[in-house]
Amino acid sequence: MMDPKFIIAKRVAKELKNGQLVNLGIGIPTLVVDYIPKDIKVLFQSENGIIGMSPLPEEGLEHPDLTNAGANYVGAIPGAACFDSALSFGIIRGGHLDLTVLGGLQVDEEGHLANWMVPGKMIPGMGGAMDLVTGAKRVIVAMTHTTKGEPKIVKRCTLPLTSIRRVDLIVTEMAVIEPSKEGLILKEISPEVTLEDVLKSTEASLIISKDLKVMEV
Amino acid sequence: MMDPKFIIAKRVAKELKNGQLVNLGIGIPTLVVDYIPKDIKVLFQSENGIIGMSPLPEEGLEHPDLTNAGANYVGAIPGAACFDSALSFGIIRGGHLDLTVLGGLQVDEEGHLANWMVPGKMIPGMGGAMDLVTGAKRVIVAMTHTTKGEPKIVKRCTLPLTSIRRVDLIVTEMAVIEPSKEGLILKEISPEVTLEDVLKSTEASLIISKDLKVMEV
Amino acid sequence: MRLLNVEEAIKMIPDGAIVMIGGFLGVGSPNTLIDEIIKQKRSNLTIIANDTAFPDKGVGKIIVNKLAKKVIVSHIGTNPETQKQMIERFLEVELVPQGTLVEKIRAGGLGLGGILTPTGVGTIIAEGKQIMNIEGKDYMLELPLKADFAIIKAKRSDCNGNLVYSLTARNFNPIMATAASTVIAEVEEILPVGTISPDEVHTPGIFIDYIVKSR
Amino acid sequence: MRLLNVEEAIKMIPDGAIVMIGGFLGVGSPNTLIDEIIKQKRSNLTIIANDTAFPDKGVGKIIVNKLAKKVIVSHIGTNPETQKQMIERFLEVELVPQGTLVEKIRAGGLGLGGILTPTGVGTIIAEGKQIMNIEGKDYMLELPLKADFAIIKAKRSDCNGNLVYSLTARNFNPIMATAASTVIAEVEEILPVGTISPDEVHTPGIFIDYIVKSR
């Protein structure tokens, strides 16, 4: 089986639509860039202040003033634009960002995401995540289905929420799940696992879609 | 006797201090620029989005994209900077403007200025005046002492106020008056008029400064 | 970003639309677009702009042609026609201090629910407004402003819609570009992508839906 | 604007000062000034910054050298030393969402009494905060942030202090330049007045009190 993170990134890449403005979070979301279909052109925004970010064209071309939100050196496409953090988060909070893909620690039955702290253990801070989840037109959570065998899709988040906005899609290596008013709708299952496997690895109740599909990766 | 507006402009010019950032309103305040002492260098801000405005160097050099807040063609000094209206009013409201000189319809005993409308008659609107009076570090009102024989320095403004901030100085062709907690302090009288003339032309009570001077113009 | 001719661009705007128009007393106004609004007699408009300029300039022409039913502006003093139509009750005029107006538009564009400003506190424009005391000082709550359309003017654009403004013609244009459902930018020249440095861009192209060339 | 050497510049900052520091994970941070803060052991600082960067980079070095008593930041995850000092109760950490942090600083700099943001509503960071419902949506009132000093980094300055930033090194720098009593800008090059076009200037020189050259 492929490394889960590549399966997730590959599946998320299919969600991108031509012409979208997209912000990819650190970790698995960053990998999405490698799987974008050839016929799809998107613009990448990074919250540290750029639209038109691209991968570093080659080693040796690093510029100390051009990085992504994880401080990794990147490139820029012709026609890129830079701006300060106030405009950058204005773009995010103001609904001008079409899609954000973020990592997650937990998502619950209401579609609420928790991804910024584990009280008493790990407190990285929310960075731009709270603004991204609150403001982006579409939010996809890209995360492994479980961590150390523990389900990450839970009845109710035990970790502090990132936002009370319902995320739009959860993509794991096992399944694609769409949070809705009625609850979490299981839309796709990986060809590598059974429905039973998914249900066992999920604490939250899942509504099985009438149109349940095999996850294409 | 000199035209009152030139007397006022000339006296106001003496209030400018080296290195200040100054915004001059339309009308009499605009004339101040012609009387700035040679040893004083100030920067002029205009609320339509420039610091470093200068008079038009000569006719024929008008540029359609470079005007003052009255839509008159101006020049720019080397080292000028342009910006949008949000930053322009951020500079004003945020306390970064050292001085504004504005025209007035009325000023009252509390030092409150009214200069943006005469209900039922003339309603030009406040433009940037409310922000300027509220935000500038120092506000000087430059206006004629009376209009059609009616005092403009009154007990209490009958016209709608521009701000509840007490202005710092009133300069007319007859007198220089400093609003204070205690009331309006008469500081200087024009050599062309008597104390009696000033008191007769002023509706508000004036506290005569112990250090009353002759207005130098 | 799509390039349009001016006729197509103005055809998108329906009668009765809320339209933001850039410019300061006509400087930095999208004049080609304004002239076409008049030509196509787009009417019953609500105009959000800094001012109503002069009778023969910028937003002023829309007023003179009686195409606006309401204006939200900071100043009408340079266009006698505005006050005349206001007195005749043909035109509704909402006056907002200039710095507050631009922050309201910015709040609308950048997803803020409102801002607190000291400007106007204690004056007649504070009537009916919520006052909040923050650390001993009174501020007025001002709510966001958005529009159906923004028509703005820039000096240059690249083919991605990245905009650069010129001198004091910038004014309200970059802020309005963020705050309307559809944004039409009029520009004097359109350059190849890559000819405007990322650090020079004043308005990123993602805010711009359509570009029209100035006539 | 006055040119200073780095020693003089940092001597102005007293122990216990509130200091804003530009940069995003060290990119666009005033490293020459930061190194001098460490050299002069300026201590008990309250730092307002986007993040605490890495132990060997940007603001991170100030943390590692135990010179801060409090940080107001959006992220500490890349610097384990920050969390360690927080747990040891040596360092107070106030976490603020990045978009809220920059708006709080902007409000402080540009004279607003606060802003309403939807970010954080319903989460633990909303505890004790005032919630306001505007047109059916909840927003959180966030108050302005100001500082005694801002130390920022730009690429270039002219002799009037007009600043130009480079690419993603811009980030918080222009906003912080508006919000401190004393603003010290570190720049890589200082150009004659008139060599930076008015339309290219990112931060007008009036915001800048002192310029220091990067080492």
Side-chain angles (χ1 to χ4, degrees), chain B residues 26 46-53 63-76 80-95 110 112-114 116-117 119-135 157 159-165, chain C residues 22-28 31 50-54 57-58 73-79 82-83 86-87 93-103 105-106 109-110 117-126 138 153 155 165-177 188 202-203:
Chain B
I26 298 167
S46 184
E47 64 264 35
N48 51 331
I50 184 169
I51 286 174
M53 190 174 61
H63 189 289
D65 296 334
L66 186 54
T67 57
N68 64 15
N72 301 113
Y73 295 115
V74 294
C82 290
F83 32 81
D84 63 37
S85 299
L87 186 60
S88 192
F89 279 88
I91 289 169
I92 292 167
R93 195 184 40 234
E110 295 192 73
H112 291 162
L113 168 67
W116 69 281
M117 74 178 289
K121 278 195 184 166
M122 184 193 64
I123 306 171
M126 68 293 281
M130 284 192 172
D131 296 286
L132 283 161
V133 178
T134 303
C157 286
L159 300 175
L161 297 185
T162 303
S163 173
I164 52 167
R165 178 246 179 89
Chain C
F24 190 111
L25 292 178
V27 178
N31 288 317
N50 178 57
D51 52 69
T52 56
F54 302 94
K57 222 182 152 187
V73 292
S74 77
H75 198 264
I76 60 170
T78 51
N79 190 343
T82 310
Q83 191 170 322
M86 180 176 69
I87 291 164
V93 176
E94 186 178 331
L95 289 169
V96 182
Q98 206 167 127
T100 302
L101 182 60
V102 71
E103 282 298 314
I105 297 169
R106 182 180 183 273
L110 304 190
T117 179
T119 302
V121 168
T123 74
I124 59 167
I125 68 154
D138 281 341
K153 169 77 198 322
K155 194 75 176 178
Y165 307 94
S166 165
L167 302 167
T168 58
R170 191 180 326 182
N171 55 68
F172 276 69
N173 288 296
I175 311 301
M176 288 177 171
E188 294 178 30
H202 292 138
T203 293

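Numbers restart at 1 for each chain; the letters A, B, ... are given by sequence-line order, proteins then strands.
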Among B:Asp131, B:Thr134, B:Leu66, the residue with the most heavy-atom pairs under 4.5 Å to chain C is B:Asp131
Looking at B:Gly90, B:Ala86, B:Gly135, which has the largest count of heavy-atom pairs under 4.5 Å with chain C? B:Ala86
CG/B:Leu132 to OG1/C:Thr119 distance, rounded to the nearest 0.5 angstrom? 9.0 Å
With chain C, which of B:Glu47, B:His112, B:Met126 has the greatest number of heavy-atom pairs at distances under 4.5 Å? B:Met126
Quick one: which of C:Gly28, C:Gly120, C:Gly26, C:Pro97 has the most heavy-atom pairs under 4.5 Å with chain B, could you say? C:Pro97
Contact part of C:Phe54 toward chain B, heavy-atom cut-off under 4.5 Å: side chain, backbone, both or neither? side chain
Apply the test side chain to side chain contact (heavy atoms under 4.5 Å, CB included) to residues B:Met117 and C:Ile124: give CA-CA distance (whole Å), side-chain angles for both, the deciding distance (0.1 Å), then the verdict. CA-CA 11 Å; B:Met117 74 178 289; C:Ile124 59 167; 4.0 Å; yes
If we ignore hydrogens and angles and just use 3.5 Å, is the side chain of C:Thr168 paired with the main-chain N or O of B:Thr67 as donor and acceptor? yes
Side chain, backbone, both or neither: which part of B:Ser46 has a non-hydrogen atom closer than 4.5 Å to chain C? neither
From the list B:Gly125, B:Ala69, B:Gly70, B:Gly127, the residue making the most non-hydrogen contacts under 4.5 Å with chain C is B:Gly127
Turns out that what part of C:Val73 lies under 4.5 Å from chain B's heavy atoms comes down to neither
So for B:Met53, is it side chain, backbone, both, or neither that comes closer than 4.5 Å to the heavy atoms of chain C? neither
Walk me through it: do B:Phe89 and C:Gln98 pass the test side chain to side chain contact (heavy atoms under 4.5 Å, CB included)? CA-CA 8 Å; B:Phe89 279 88; C:Gln98 206 167 127; 3.2 Å; yes
Determine whether B:Ile50 and C:Leu167 satisfy the following criterion, side chain to side chain contact (heavy atoms under 4.5 Å, CB included), listing intermediate values before the conclusion. CA-CA 7 Å; B:Ile50 184 169; C:Leu167 302 167; 5.6 Å; no
Using a cut-off of under 4.5 Å on heavy-atom pairs, state which of C:Ala169, C:Gly77, C:Ser74, C:Ala53 scores highest against chain B. C:Ser74
Side chain / backbone / both / neither for C:Thr52 at chain B, heavy atoms under 4.5 Å: neither
Could you walk me through whether B:Asn48 and C:Leu25 pass the side chain to side chain contact (heavy atoms under 4.5 Å, CB included) check? CA-CA 9 Å; B:Asn48 51 331; C:Leu25 292 178; over 6 Å; no
Donor-acceptor pair, distance only, cut-off 3.5 Å: does the side chain of C:Gln83 make one with the backbone of B:Lys121? yes
Within the side chain of B:Asp84, is there an N or O that forms a donor-acceptor pair under 3.5 Å with the backbone of C:Pro174? no
Part of C:Lys57 within contact of chain B (heavy atom distance under 4.5 Å): neither
Which answer fits C:Phe24, side chain, backbone, both or neither, if we ask what part of it has an atom under 4.5 Å from a heavy atom of chain B? side chain
Which answer fits C:Ile105, side chain, backbone, both or neither, if we ask what part of it has an atom under 4.5 Å from a heavy atom of chain B? neither
Find out whether C:Leu95 and B:Ile123 are in side-chain contact, i.e. whether some heavy atom of one side chain is under 4.5 Å from a heavy atom of the other. yes
Most chain B-contacting option - heavy-atom pairs closer than 4.5 Å, from C:Ala126, C:Pro118, C:Gly122: C:Pro118
Between C:Asp51 and chain B, with a heavy-atom cut-off of 4.5 Å, which part of the residue counts as in contact: side chain, backbone, both or neither? neither
